[in-house]
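The next block holds one structure in the form of structure tokens; read it before the comments.
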Amino acid sequence: QEAHAGGNMIVTYKDDVATLDPAIGYDWQNWSMIKSVFDGLMDYEPGTTTLRPGLAESYEISPDGLTYTFKLRPGVKFHNGREMTAEDVVYSINRAVDPATQSPGQGFFGMIAGFDEAAAGKGPLSGLSAPDAGTVVFTLSRPDATFLHIMALNFSYVVPKEAVEAAGADFGKKPVGTGAFKLAEWTLGQRLVFEKNPDYWIKGVPYLDSFTVEVGQEPVVALLRAQKGEIDIPGDGIPPAKFVEVMGDPEQAKLVVEGGQLHTGYVTMNVTQPPFDKVEVRRAVNMAINKDRIVQVINGRAIPANQPLPPSMPGYTKDYAGYPFDQEGAKKLLTEAGYADGFDTELFVMNTDPNPRIAQAIQQDLKAIGIKAAIKSLAQANVIEAGGAGTAPMIWSGGMAWIADFPDPANFYGPILGCAGAVEGGWNWSKYCNKDLDAKATEADSIVDPAKADERLAKWSEIYMDVMKDAPWAPVFNEQRFTLKSARMGGADALYVDPVSIPVNYDYVFIKE
Amino acid sequence: MTANASTSPEPQAQPETGPSALRRLFRRKLALAGLVIMVICIGGAIFAPLIAPFDPNEQFFDGLTIEGAPMPPGATYWLGTDLLGRDLFSRLLYGARTSLVIGIVANGAALLIGTLIGVTAGYFRGPVGAVLMRFTDLMMAFPALLLAICLAAIFTPSLWIVAMVIAFVNWVQTARVVFTQTSSLAERDFIAAGKTLGAGHLRTLFRHILPHLVPTLIVWATLGISTTVLLEATLSFLGVGVQPPTPSWGNIIFENQTYFQSAPWLVFIPGAAILLLALAFNLVGDALRDILDPTQQGRD
Amino acid sequence: MSMSEPLSSPAVLGDARPADPASAEVVLSVRDLQVSARSDAGLVPLVHGLSFDLHRGETLAIAGESGSGKSITSLACMRLLPEPAVRVTGGSVNLGGTELTRLSEGQMKPLRGARIAMIFQEPMTALNPVMTVGRQLTEAIRTHEPMPIRAARLRALEALRAVRLSQPEKRLEQYPHELSGGMRQRVMIAMAIALRPDVLIADEPTTALDVTVQREVLDLLRDLQRELGTAIILITHDMGVVAEMADRVIVMRKGSVVETAPVAALFAAPREDYTRELLAAVPRIGQGAARPEPAGRELLVRYDEVSVGFPIRQGLLGRVSARVHAVEKVSLDIFRGETLSLVGESGCGKSTMAKALVGLVPHSGEIRIDGKSMAALDAKGRKALRRDLQIVFQDPMAALDARMTVGELICEPLVIHGIGTADEQRARVRELLERVDLPASAYQRYPHQFSGGQRQRICIARALALKPKLIVCDESVAALDVSIQARVLDLLRDLQRETGITYLFISHDMAVVENISDRVAVMYLGQIVEMGSRDQLFTNPQHPYTRRLLAAVPVPDPTRVRAPSPRLTGEIPSPVWPAGSEPARLQLTDIGGGHLVALDASA
Amino acid sequence: MLSYILRRLIQSALILLGVSFITFVLLYVLPADPVRQIAGRSATPETVESIRRQLGLDQPFFVQYGHYLWNLLHGDLGRSYLQKTEVSALLVSRLPATLLLMVAAIFCEVAIGLTLGVIAALYRGRALDNMLMLGSFVTVSAPQFVVALLLLYVFSVKLGWFPIGGYGTFAHLVLPALTLGILGSGWYSRIMRSSMLDVLRADFIRTARAKGLGRGRIILGHALPNAILPIIAMIGIDIGMFMSGIVVVESVFGWPGIGQLAWQAIQRVDIPIIMGVTLVSAVAIVIGNLLADLVAPLIDPRIKLQ
Ligand SMILES: Nc1ncnc2c1ncn2[C@@H]1O[C@H](COP(=O)(O)OP(=O)(O)OP(=O)(O)O)[C@@H](O)[C@H]1O
Ligand SMILES: Nc1ncnc2c1ncn2[C@@H]1O[C@H](COP(=O)(O)OP(=O)(O)OP(=O)(O)O)[C@@H](O)[C@H]1O
Ligand SMILES: [Mg+2]
Ligand SMILES: [Mg+2]
């Protein structure tokens, strides 16, 4: 249908919006808001995982894959009226790398030349320059096929220096960007109002005059309000408690958009400690878990998974069957490993519904093959701490699990399966470190030629298959997204399950009538 | 207000002298009902393995609908199933074990600590009393939940840790109330009278002051049962205390409270269990108070 | 302060009494009243067959022992019985033509306070502690006569002036606890008469007050009656009060009338045995039996310059800004086997003296008991010393732990000091119960199941359990009615004769003191103003304060009419002194035979 | 009076110092690393260390605590680790809501509790009394979330009398306050009942009847003011319980109060916020108790401040 301009959309969330500073914001709630307030050199086609130029009009990659030259779109203005220049891009990326910023995205820029010095606070990146006001040049220390994705990542978004300096540490509350919306009001603990940026560089976008984010709203109540038509999108989704009811009512089910998401829920097993140092044990766990049952327990809001990558991720291995659900086989493997009588272990889990329930389902499955796993249901921070410290034999990743930062298979490897993350405090909770695979990954990522993209994906597919052989994880399911929208909301369904913008792509949705 | 000799309207005939407190307790219908409920709860907890029709942690395939919704009360699962397809009745029985420990032991310990501190501060006054009461003020101003979370993180979660934590955060209010009451009791003549007879502190405290605190303590103890059982659930949620799948009445409610519209039995049945337990203790407590306080007899 | 008439003043006959009450109009008529209480065994009659008429301007006294139904009767007239537990089950109460027993609560409301009012026994608890006196008064007025607050305040002021309260404007703003007992009772009276009721019921209006204040309140009631013509029902067990106040007397016992007679006739020629008994039990000054001279004057207790002060702290650091000089440098000897009485008005420090003796309040100076000082002993020694010293408190109910049985209570000292086996202890308790004239069945019962007199005897039994050398009796008989009082006094005397026990007897009732003491010390504001043998003090009182005390005693003889004494409305002198200053020390001078008097009369 | 308040304030300051110290110790030993939370999942160990240094979290405990106190003395509560906002700003934005809710909720608690307690006392031993006392148990045993949602469902969704959550007008306040009021009223009604029973036995009640006052006047004018004293003390105690029990109700009704802030901060180990919230709630509790103690003599003139 024809996009219609105007109107105000209301989105609700339970938690506060932490910050809108693109260098700092790193949860799925502010992720998409930052995307609407700021822009980066690269961007995605709305509703897809396809890259497209953003603030850059065009880019060039040197044949060795080590130099990227971006031509900036002219006439793009910050919300404060000043025109954006190449210096701003340089400033912004240096800012994200500067340790003083304390950006959680710092590590993403590791491929840029001079990163180590810059990250240590010794001046700007040597590999980044602005030869003229319309050109930005990056020099990489190694070829990296994910670089363009990095340029589409929020951390690389462009901020105006003067506004950052004026606001100081409060920039996250007083954001100034080039995006489709500008922040009009922020009442702490209550609401944020984003107003259309009339000078946005993509003509005709956004459609909405404004959108309001109301925070502090319990999901169950948000759903009630949505049913009454008071709000348009419950940002936290349909609460588990209401899911069956909503989907069972055709009137309401009509308003729900279902889509995949770049998410995998898995159980990590600490490979450095017995008994999970034995690959048979890990495989046995993989075979013991009744994924269909777990999917049923969460009311079918997911599809069973057999590998780390989610199906909508490039590089997903379609013809891989995964470990079968076979408790007899699992027991046999345990016997082989010398654990015929099973063993005691612990399963850590974050304490919000439905994660403890999932953990209990897993627990019961493990019990069937003789593994007695005691559940430790803790606050997120404590689970992450235990995972990082390597004191947790098993962790169910739900609630903290990997939703991809960018739609590329590489993003599922480095920090959570690679050696880099297998350090004290790292996010590789399995502490799985396979040097060969690390080398393979580097190799794959050095294939930068877009023409050879398939070759690269095939390499990645191989890597993940190798991971599955070692089985440091037991992938359980890929969560599906179900976005409930009010009847007046228009726009393609894909916008409501946009893989990079959760819950919706604010720039492109509109209000009908 | 002391009952004045000539003005208090007391019936004169009080021939009831012989029977022990216990027999008098049995004579009250309501108290008896309370006792029966208590016995049922405790019996249910102790003999859970014999009574429970199912393993409380077994997730039955037919315990969930195809969509994954729990089953309402019915023939197989008498009180229905929970979100994982487990039998609620069996879980309630086993849950009683946890909840009784919390509601009785932890709550009792809190009461004990509170009483000890309140009585000591109120009776001895002086620097010891002042220090104790300042400490109480401090504990009162300190967020209990935070303490619980930290303790949870520091210790290995277990039922006894949670019981300890609850006792440790819940004594404060009792201490305050008991302090006030003890201070005024300590001024009363009969305490002075005891002293002139040569009664030591211990005797005065146990024989003369404590019995007078009983009515207050009963109110706090019985209301405390519900509060602590629910607090245990909060703590379990935060990772202190019993961990899933071990059931407790509180955490059955907590796990399922968002489902109270689609699966009301999961919230209201354990809720009723807590209520009943508290009520039973209250009924017995009320009767006990009337028996222990001879001036109250015949007032109802 | 003024002195009142000497004891030997000639009797002036009857001008204060209304001419002939019988001829006046009947305002309240009670016929065949029956009040019953509900109990397990059905209705138990508390009052039965009670009839009397009350005439305008008359004072009718209802006398009788404790528990005889006096209060129940008056409550029935007010329809204030604790229904439904206790209610009127027969007969009629007729107030100037209105039958009260049949009125609903709503119909009763306009009558209460306006046409029939009541003054309760306990001025301490009968006023609402959280409302100002003014509000309580105006409220009463405005309930019956709707008027603006201002007008009601004026009326209230008028009423307070009528009861001769000093500084009435200020009183309106004060709370009951800021007033003394006597002042509170005046407020109660003001409240009762503010609306000029036809009938005023005064239920033991003075039992809780000390003699001097009692005197004032009684005078006041009489004056008011003369001015307003109110008919008064006066309930009391003090035959002295009856004699002074009443026109006619009803003597009650066990819920029914024993005798009704004009006051003079009753005292002159009681018809019933019970009345005679009652009158015989009344202690009269001058009738104390001659007491044998205690042998050997061996010193038991010596107060040496004893002071007790209570600091009043104020300010940021809790500095002592003032001090209550409850007892001020008192020196006093008590000899073995004697009875020393300590008299004085409320708040003069009598109880504090006693408490210092038994170690309940810290004191300066020295108290030696049998040559030993409590302060110098260790815990064990103190405990041993305590065996020799026992105290019987003023309010027996408060001094007994309500949750212990009488047996446990009496046994407690034996248990504490580990005397005897359990069986021996039980036997000893039985013996003690018998000794104080309580039934053996008392063992299992609780204190609240006894009457005031019985409770006091429980306390005495407990004090006796340890066979002490000295017993302090702090107003131990004040709350008892005459007959029981007499019995308790007899008991104390018997014990002394048998065991040679020593008493420190604290009282403000001069008649009782005269009856029981060997020596008497008069206290005033923390110091002793006069001390001597009983005869010295009663026949030759020297200090003005002693004289005032003696004069205030109501005399149980209706033929004797005292000259109206000057009214006292001033503040009670206070023992509170700002820090740094202290009361002037009184010097006692021996005027012969050990009769000590403070001659510089600051009182 | 003034000196009393001053003395109490000094005591309070000591209490706050104690609270801050204990909280700081607890957070220090807490096995969850705030730096990890800040640094995010792709951070290198170097980044983590650098952040730790910048926040001063590598310093010994007493240096950290001293630092915190020093800043506190200058009115600086620090910045949130994750939101980067000044904690004072966060608190200021949320405190009014919590205080408003607290006052309203305590009002409801007291109003409901007193009414029911008085009625129960007047009908002592009868069916109504038993029912009310059962009711008090039901409210004490009821889970907050369910009660809150039920009220919301009935009064906002079905009847439409009140908005479905939010903050701003009086209408928004009614349901959350009522929820807390109903849940907390059980304690008050129990205490009120027994206190009322005591007072109704008192002599001055009979005096009031003897004056010819009506039943209503006696109960409201005479009995209530005397019976209410334990309630005042209870309110002081209640503020403490209130501060830790407000999270659920705030989130169901979308009430932008301290509770939600604290909850989120605890989940994310945002130490400056936790410290700030702890101190603020401790101040509230201390002031609440001080007020209770100051009010007591106004209600009962016999009580003297000392
Ligand atoms: N509410 C009641 N229920 C049962 N019996 C009662 C009640 N009130 C009083 N009585 C009994 O009624 C009798 C008369 O009591 P009342 O108070 O009239 O005595 P009294 O003559 O005023 O004695 P006192 O001089 O001690 O005041 C007593 O035996 C008392 O125990
Ligand atoms: N604990 C205390 N703190 C402060 N003042 C006190 C204390 N105890 C007694 N007082 C004061 O000391 C004075 C003497 O009190 P005490 O009790 O000895 O009087 P009393 O002569 O026994 O009077 P009564 O006849 O009323 O019993 C009074 O003014 C009293 O107010
Ligand atoms: Mg009486
Ligand atoms: Mg005294």
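The chains referred to below are lettered A, B, ... by the order of the sequence lines, with proteins before strands, and numbering in each begins at 1.
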Starting from the C-alpha separation in whole Å, work towards a yes-or-no answer on side-chain contact (heavy atoms from CB on, under 4.5 Å) for A:Gln480 and A:Ile303. CA-CA 7 Å; A:Gln480 289 289 93; A:Ile303 47 176; 4.2 Å; yes

Cut-off 4.5 Å, heavy atoms of chain A, and the answer for B:Asp55 is side chain

Answer key: most heavy-atom pairs under 4.5 Å with chain B among A:Met247, A:Glu218, A:Lys242, A:Arg357 is A:Arg357

When the 4.5 angstrom heavy-atom criterion is applied to A:Pro240 and chain B, the contacting part is both

Exactly one of B:Asn107, B:Val101, B:Ile102 clears side-chain contact (heavy atoms from CB on, under 4.5 Å) with B:Glu232, and that residue is B:Ile102

The interface call for A:Val297 against chain B, heavy-atom contacts under 4.5 Å, is both

Bottom line for B:Asn57: the part with an atom under 4.5 Å from chain A's heavy atoms is backbone

If one checks every heavy atom of A:Ala379 against chain B at 4.5 Å, the contacting part turns out to be backbone

Whatever's closer than 4.5 Å to a heavy atom in chain B on A:Gln360 counts as both

side-chain contact (heavy atoms from CB on, under 4.5 Å) filter on B:Thr81, not counting sequence neighbours, yields B:Pro70, B:Met71, B:Tyr77

Query raised in the report: So, does A:Asp232 use its side chain to make a donor-acceptor pair with the main chain of A:Ile10 at under 3.5 Å?
Result: yes

When rounded to the nearest 0.5 Å, the distance separating CD1 of B:Ile42 from CD1 of B:Ile37 is 12.0 Å

| said: Donor-acceptor pair, distance only, cut-off 3.5 Å: does the side chain of A:Lys372 make one with the backbone of A:Phe343? | reply: no

Looking only at A:Arg293, A:Glu385, A:Gln363, the option with the highest number of non-hydrogen pairs under 4.5 Å against chain B is A:Arg293

Whatever's closer than 4.5 Å to a heavy atom in chain A on B:Phe61 counts as both

Under 4.5 Å to a heavy atom of chain A? For B:Thr246 that would be neither

Cut-off 4.5 Å, heavy atoms of chain A, and the answer for B:Thr258 is both

Most contact-rich option vs chain A, by heavy-atom pairs under 4.5 angstrom, among B:Glu255, B:Gln261, B:Gln243, is B:Gln243

_Hydrogens and angles aside, do A:Gln217 and A:Arg225 bring a side-chain donor and acceptor to less than 3.5 Å of each other?_
yes

Original post:
For A:Val349, does its backbone N or O pair with a side-chain atom of A:Asn355 as donor and acceptor, under 3.5 Å?
Top reply: no

